[in-house]
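Notes to accompany the following structure.
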Amino acid sequence: PNEDWCAVCQNGGELLCCDKCPKVFHLTCHIPTLLGSPSGEWFCSFCRDLSSPEMEYDCDCGPESKAVKEEPNSEGFPPVDKRKCERLLLRIYCNELSTDFQEPVSSSVRETPPSHHALTNQVMPEYYEVIKTPMDLSMVKGKLESKQSAGYASLEEFVDDVRLIFRNCAEFNEAETEVAAAGKNLETYFEEQLKIMFP
Ligand SMILES: NC(=O)c1ccc2nc(N)sc2c1
Ligand SMILES: [Zn+2]
Ligand SMILES: [Zn+2]
């Protein structure tokens, strides 16, 4: 009795069914991204046990991981903390407020002028003129999934990047715009979920 649409993007298509909860995911919408459809039983990142995972995801094995995986690798990021961050990030992606933060802001985006600016056709600065350190959820997902030194070395680095998304949002978007409100509310949700994952 799984759902009909991806828990992240709400679209249909080729969907992976969790064998423990009703959710379904596209391979690339799940966190971590899966390379192929698993053959046997499969639990999503919300359901798989954090300390002793029932199964391995195909992206987490492969030739380079001959070493014992359950030790903090050279990144120093304990595997349990990495799995907690995967679950936390998937929670954010499943929150509909995250849509505006899932991909890099397109450079055509200009500040939403308060009404008087529009009337005086004052030029509004471009996003990448204002925001010097862009960050979005796809960048965080990529860093969380990358191997060794390219990835996060600690939980703090992961949290700092997610908080940067919300700082950029508050800096660029006028306080009372929809995007600013979405950023504020999603930040509250993130901090709540962070406390649950890392009490
Ligand atoms: N992440 C952001 O700050 C963001 C994203 C999308 C977007 N679209 C606009 N028209 S303003 C805007 C801001
Ligand atoms: Zn999807
Ligand atoms: Zn599940």
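Numbering of ligands and ligand atoms starts at 1, following listing order. Residue numbers count from 1 along this sequence.
With the Zn ion (ligand 3) as vertex, Cys18 SG and Cys47 SG subtend 110°, rounded to 10°. Rounded to 10 degrees, the SG-metal-SG angle spanning Cys9 and Cys29 at the Zn ion (ligand 2) equals 120°.
Atom 13 (C) of ligand 1 has Asn173 OD1, 3.4 Å as its closest protein atom, hydrogens excluded (heavy atom only). For atom 11 (S) of ligand 1, the closest non-hydrogen atom on the protein side is Val109 CG1, 3.5 Å.
For atom 3 (O) of ligand 1, the protein comes within 4.0 Å by at least one heavy atom.
The closest side-chain donor-acceptor pair between Ser98 and Asn95, if any, does not fall under 3.5 angstrom.
Near Tyr127, the atoms of ligand 1 lying under 4.0 angstrom from a non-hydrogen atom of the residue are 3 (O). Near Asp100, meaning under 4.0 Å from one of its heavy atoms, ligand 1 places the atoms 1 (N), 5 (C). Set against the non-hydrogen atoms of Phe101, the atoms of ligand 1 under 4.0 Å away are 1 (N).
With Leu194 as the fixed residue, the side-chain contact (heavy atoms from CB on, under 4.5 Å) test singles out one of Glu191, Glu192, Met197: Glu191.
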I would like to know whether Lys20 and Glu41 meet salt bridge (charged side-chain N to carboxylate O under 4.0 Å, His left out); could you show each step before the answer? CA-CA 9 Å; Lys20 196 155 201 159; Glu41 195 176 44; over 6 Å; no
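The minimum distance between the Zn ion (ligand 2) and any N, O or S atom of His26 involves atom ND1.
In this structure, Asn168 and Met135 approach most closely via the heavy-atom pair ND2-N, 3.6 Å.
Note: Phe190 and Phe166 have tilted aromatic rings, judged against thresholds of 30 and 60 degrees for the angle between ring planes. Between Phe25 and Phe46, the ring-plane angle classifies as tilted under the 30° and 60° cut-offs. Between Tyr152 and Phe158, the ring-plane angle classifies as perpendicular under the 30° and 60° cut-offs.
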